Amino acid sequence: MRSDTFMRSSRFLIATLKETPADAEVISHQLMLRAGMIRKMATGLYNWLPLGLRVLRKVERIIREEMDKSGAQEVLMPLVQPAELWEESGRWQQYGPELLRITDRHDRAFCLGPTHEEVITDLIRGEIKSYKQLPANFYQIQTKFRDEIRPRFGVMRSREFIMKDAYSFHLSHQSLQETYDVMHATYCSIFTRLGLGFRPVLADTGSIGGAFSHEFHVLAESGEDDIAFSNASDYAANIEKAEALPPATARPAPAQAMKEIATPGKHSIEEVSAFLNIKPEQTVKTLIVLGSVQADKSQALVALVLRGDHELNEIKAEKITGIASPLTFAPEVRIKTELGVSVGSIGPVGLKIPMIVDHAAAHLADFVCGANKDGYHLTGVNWDRDEKAPMVADIRNVVAGDPSPCGKGTLEIKRGIEVGHIFQLGTKYSEAMKAKVLNEAGQEQTMIMGCYGIGVTRVVASAIEQNFDENGIIWPDSIAPFHIAIVPINMGKSEAVAKKANELYTQLSQIGFDVLFMDDEKARLGAMLADTDLMGIPHRVVIGDRGLEAGTIEYKARRDENKQEIAINDLVNFLRGQIKV
RNA sequence: CGGAGUGUAGCGCAGCCCGGUAGCGCGUCUGUUUUGGGUGCAGAAUGUCGGGGGUUCGAAUCCCUCCACUCCGACCA
């Protein structure tokens with residue numbers, strides 16, 4: 001039985017703020033500070049106050065329940081990890097300054113874990129020896145540390161954060177696929193129970209590596225990722241990954257002669273197209289990047305050609321053979337000395353370096369481009385006639401209106417917050433770290449791995465991004481710090497009000513609701529309502545003499561405009577019907 | 001690390017140009033009043049003006065330096 005003192009406002013730290021702290025940019029950060037959920041202690045490091053922690057724990061509980069249901073087993077691994085494991089996987093060298101490296105008193109190297117592939121692989125290679133123990137999936141809910149270049153948006157992108165990470169081990173790709181599918185379904189259940197509007201989207205596998213991957217995004221304006229959706233199917237992909245289909249029609253025939261035109265001082269696509277009075281779609285831009293590193297450490301220049309209105313997709317580009325990964329733009333000095341032209345006037349015609357042209361740029365006829373001569377552009381340019389047929393590839397970001405890669409409908413673009421990510425890792429870590437089991441034939445076989453993450457602290461912030469109004473947070477019932485706020489009017493003066501409020505408080509708590517009883521006798525009604533609204537408590541009952549005399553109590557759902565008078569005797573049942581825990 | 005900016009009471013800010021006894025609003029505390037949506041009144045506490053150095057009779061203010069933080073571009077749950 002829980003002690004009720006934890007739920008009386010007089011015994012609970014209500015740390016609400018009337019004014020918005022100046023350094024909070026996004027709404028979730030502002031409201032978490034104002035509602036008294038978190039306080040900053042240093043860049044990217046936050047204290048969680050009682051109100052915030054209640055939400056965090058509820059999120060964890062739902063994740064735990066669904067992970068357990070999926071057959072995964074919970075473990076707990078250390079935050080501090082020995083460097084040797086990271087050297088074994090090769091990531092001690094690969095990881096940049098984001099990996100916080102520390103030494104102990106014996107001068108031995110450790111790091112604060114940004115993720116736990118090495119540790120779990122080390123643990124499991126020692127424990128699992130036989131195919132009979134597979135498949136197996138282990139998860140933990142634990143603090144991670146990443147020394148982010150730029151922490152921001154409060155707990156949305158902090159340096160220290162809580163993550164649920166799971167790692168599965170298999171003998172076959174089919175088994176991995178089965179668990180991957182189970183985790184996909186489990187994630188859908190988790191985010192549904194959390195009350196979030198979300199979408200699973202196809203994703204790039206990023207630095208963790210592997211073959212196949214989905215991200216789970218909460219749709220919100222403040223999201224840092226662009227997600228492309230088909231308007232006619234379930235297709236959704238991170239813009240990093242979304243394929244731009246080649247144009248279906250044939251390239252138009254040349255109609256104009258190529259001409260050189262002076263464009264003094266015009267460098268950007270906007271300047272040039274405005275100057276020539278044409279659409280950016282009729283121009284081409286040429287970006288110079290570095291080629292892959294050669295044996296002698298040199299890197300040649302490579303040109304990437306895009307339609308003027310399109311954006312380079314760096315992820316797609318760096319996957320092309322011959323291009324350096326990570327993608328690196330060529331220093332201006334090298335462009336100037338090796339190509340004899342400044343950045344604003346480069347074009348594909350007569351360019352003496354390897355060239356990769358995006359489908360859309362390759363489809364243009366009579367286009368405009370830099371003349372490879374400072375201050376000049378070419379008009380009426382045509383492929384084949386003026387410059388040899390280009391090597392064509394998909395290197396741009398899709399834009400709204402592009403045909404969907406799934407073949408149905410066109411793409412729309414929305415912002416998303418990445419709250420979950422599932423990967424098929426394959427043998428990247430098990431191979432490097434020799435995690436093997438004996439198979440049915442008695443032979444050693446490297447285990448195949450999957451990994452599955454959820455940003456727990458980020459979930460809390462993203463829930464707010466989706467659920468707020470001008471008065472504050474509006475929690476979904478499943479993760480609300482309290483389900484019900486009991487707000488008595490003039491409890492200090494009215495014995496009837498005090499009696500009923502206490503009675504209801506006990507009764508509702510015993511049923512199992514989390515109730516916050518605003519029991520400060522001197523508190524003013526307006527202040528209590530402002531606080532309970534700001535804190536986002538989804539259900540509120542106001543008890544006053546006026547209602548009691550009429551035999552009713554006022555109820556208002558945080559999300560609704562209107563309040564309603566409920567007969568006192570019906571109230572408990574009414575609340576049971578209202579609250580979906 | 002690059003670019004821009006800010007550090008003055010718990011929070012939000014003014015004062016700085018043009019040096020001369022530290023200010024406003026909110027919050028906090030006391031009393032009083034009010035009580036169906038952040039009441040009104042009266043009073044009180046709280047500051048090494050980010051740190052250090054310099055110029056000056058005198059520095060929050062001018063100069064140097066260090067530190068911290070925020071915002072804009074390269075990371076990811």
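In what follows, chains are A, B, ... by sequence order, proteins preceding strands, each numbered from 1. Since the structure is predicted, the reported quantities are computational estimates derived from the model, not experimental observations.
Comparing rC24(B) with rC67(B), their C1' atoms are spaced 29 Å from each other, to the whole Å. Distance noted for atom P between rG54(B) and rA60(B): 15 Å (whole Å). Going from the P atom of rU55(B) to that of rC71(B) covers 38 Å, rounded to whole Å. With both ends at atom P, the span from rG10(B) to rU48(B) equals 7 Å, rounded to whole Å. Distance check on atom C1': rG19(B) versus rG15(B) gives 13 Å, rounded to whole Å. rU70(B) and rC57(B) are spaced 39 Å apart, taking the C1' atom of each and rounding to whole Å. Atom name P, nucleotides rA59(B) and rA68(B): the rounded distance is 27 Å, in whole Å. Comparing the C1' positions of rC63(B) and rC17(B) gives a spacing of 15 Å, expressed to the nearest Å.
Shown here are the ring pair (Phe, Tyr, Trp, His ring centres under 6.0 Å) partners of Tyr180(A), two or more places apart in sequence or in another chain: Phe212(A), His214(A). Applying the ring pair (Phe, Tyr, Trp, His ring centres under 6.0 Å) criterion to Trp86(A), with sequence neighbours excluded, gives Tyr95(A). Scored by the side-chain hydrogen bond (donor to acceptor under 3.5 Å, both in side chains) test, Ser70(A) finds no partners at all (sequence neighbours excluded). With sequence neighbours excluded, no residue forms a ring pair (Phe, Tyr, Trp, His ring centres under 6.0 Å) with Phe329(A). The side-chain hydrogen bond (donor to acceptor under 3.5 Å, both in side chains) search around Lys69(A) returns Glu66(A), not counting sequence neighbours.
For the pair Thr16(A) and Glu98(A), both in contact range of RNA chain B, the more 5′-proximal nearest nucleotide belongs to Thr16(A). When each of Glu565(A) and Met156(A) is assigned the nucleotide of RNA chain B with its nearest heavy atom, Glu565(A) is the one assigned upstream, toward the 5' end.
Ring to ring, Phe482(A) and Phe12(A) are close: their centroids are under 6.0 angstrom apart.
Lys336(A) and Ser342(A) share a side-chain donor-acceptor pair at under 3.5 Å. At a cut-off of 3.5 Å, with distance as the only test, a side-chain donor of Asn467(A) or Arg559(A) sits close to an acceptor on the other residue. With hydrogens and angles left out, the side-chain atoms of Gln142(A) and Asp165(A) include no donor and acceptor closer than 3.5 Å. Using modelled atom types, one finds a donor on one side chain and an acceptor on the other under 3.5 Å when comparing Ser9(A) with Asp519(A). Inspection of the Gln177(A) and Gln424(A) side chains reveals an N or O donor paired with an N or O acceptor under 3.5 Å. Judged purely by distance below 3.5 Å, without hydrogens or angles, the side chains of Asp68(A) and Tyr139(A) pair a donor atom with an acceptor atom.
Figure legend. rA9(B) is base-paired to no nucleotide; pairs are counted as Watson-Crick or G-U wobble with both atom distances under 3.5 Å. Under the Watson-Crick or G-U wobble criterion, with both distances below 3.5 Å, rA59(B) has no partner in any strand shown. Across the strands present, rG2(B) finds its partner in rC72(B); the criterion is a Watson-Crick or G-U wobble pair with both atom distances under 3.5 angstrom. Across the strands present, rC16(B) finds no partner; the criterion is a Watson-Crick or G-U wobble pair with both atom distances under 3.5 angstrom. Taking a pair to require two hydrogen-bonding distances under 3.5 Å in either a Watson-Crick or a G-U wobble arrangement, rG31(B) pairs with rC41(B).
OP1 and OP2 of rC76(B) both lie 4.0 Å or more from every side-chain N or O belonging to Arg157(A). The side chain of Arg150(A) contributes an N or O atom lying less than 4.0 Å from OP1 or OP2 of rG73(B).
Applying the side chain to side chain donor-acceptor pair (under 3.5 Å) test to every pair with at least one member in residues 522-532 of chain A, sequence neighbours left out, gives these pairs: Thr16(A)-Asp531(A). Pairs engaging residues 149-158 of chain A under the salt bridge (Lys or Arg N to Asp or Glu O under 4.0 Å) rule: Glu148(A)-Arg157(A), Arg152(A)-Glu224(A), Arg157(A)-Glu224(A) [sequence neighbours left out].
Side-chain contact between Ile14(A) and Leu51(A) is absent, with no heavy-atom pair separated by less than 4.5 Å.
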For residues 216-223 of chain A, which side-chain N or O atoms pair as donor and acceptor with protein atoms under 3.5 Å away, sequence neighbours left out?
residue	atom	partner	partner atom	Å
His217(A)	NE2	Glu215(A)	OE1	2.6
Ser222(A)	OG	Glu465(A)	OE1	2.8

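Within residues 456-476 of chain A, the residues that place at least one heavy atom under 4.0 Å from RNA chain B are, in residue-number order, Arg458(A). Near RNA chain B, meaning a heavy atom under 4.0 Å away, the residues from residues 17-28 of chain A are Lys18(A), Glu19(A), Thr20(A), Pro21(A), Ala22(A), Asp23(A), Glu25(A). For the segment residues 526-534 of chain A, residues with any heavy atom less than 4.0 angstrom from an atom of RNA chain B are, sorted by number, Gly526(A), Ala527(A), Leu529(A), Ala530(A), Asp531(A), Asp533(A).
Nucleic acid contact for Gly420(A): sugar-phosphate only, since backbone atoms but no base atoms lie under 4.0 Å from a heavy atom of the residue. Lys164(A) comes within contact range of no nucleotide atom at all, as no heavy-atom separation falls under 4.0 Å. In this structure, Arg540(A) reaches the bases: a heavy-atom distance under 4.0 Å links it to at least one base atom across the strands shown. Nucleic acid contact class of Lys522(A) (heavy atoms, under 4.0 Å, all strands): none.
If you take CE of Met518(A) and C1' of rG37(B), they are 13 Å apart, rounded to a whole angstrom. Put simply, OH on Tyr167(A) is 11 Å from C1' on rA77(B), counting in whole angstrom units. Here the P atom of nucleotide rC1(B) and the CD atom of Glu148(A) are 17 Å apart, to the nearest Å. In this entry the distance linking NZ of Lys241(A) with P of rC76(B) reads 15 Å, nearest Å. Put simply, CE on Met535(A) is 13 Å from C1' on rG38(B), counting in whole angstrom units. At whole-Å resolution of the value, CD1 in Ile315(A) and C1' in rC75(B) are 11 Å apart. Distance CD1 (Ile239(A)) to C1' (rC76(B)): 17 Å, rounded to an integer number of Å. His116(A) has its NE2 atom 14 Å from the P atom of rA77(B), to the nearest Å.
Checked by distance alone, Arg524(A) brings a side-chain donor or acceptor within 3.5 Å of a matching partner on the base of rU34(B).
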Q: Test side-chain hydrogen bond (donor to acceptor under 3.5 Å, both in side chains) on Tyr452(A) and Ser168(A) and set out the steps.
A: CA-CA 8 Å; Tyr452(A) 320 92; Ser168(A) 68; 2.7 Å; yes
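When the nucleotides rG36(B), rA77(B), rU70(B) are ranked by their closest atom to the side chain of His421(A), rA77(B) comes out on top. Here the nucleotide nearest the side chain of Arg546(A), chosen from rG36(B), rA77(B), rC69(B), is rG36(B).
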Atom pairs, protein N/O to nucleotides 5-8 of chain B N/O, distance under 3.5 Å:
none

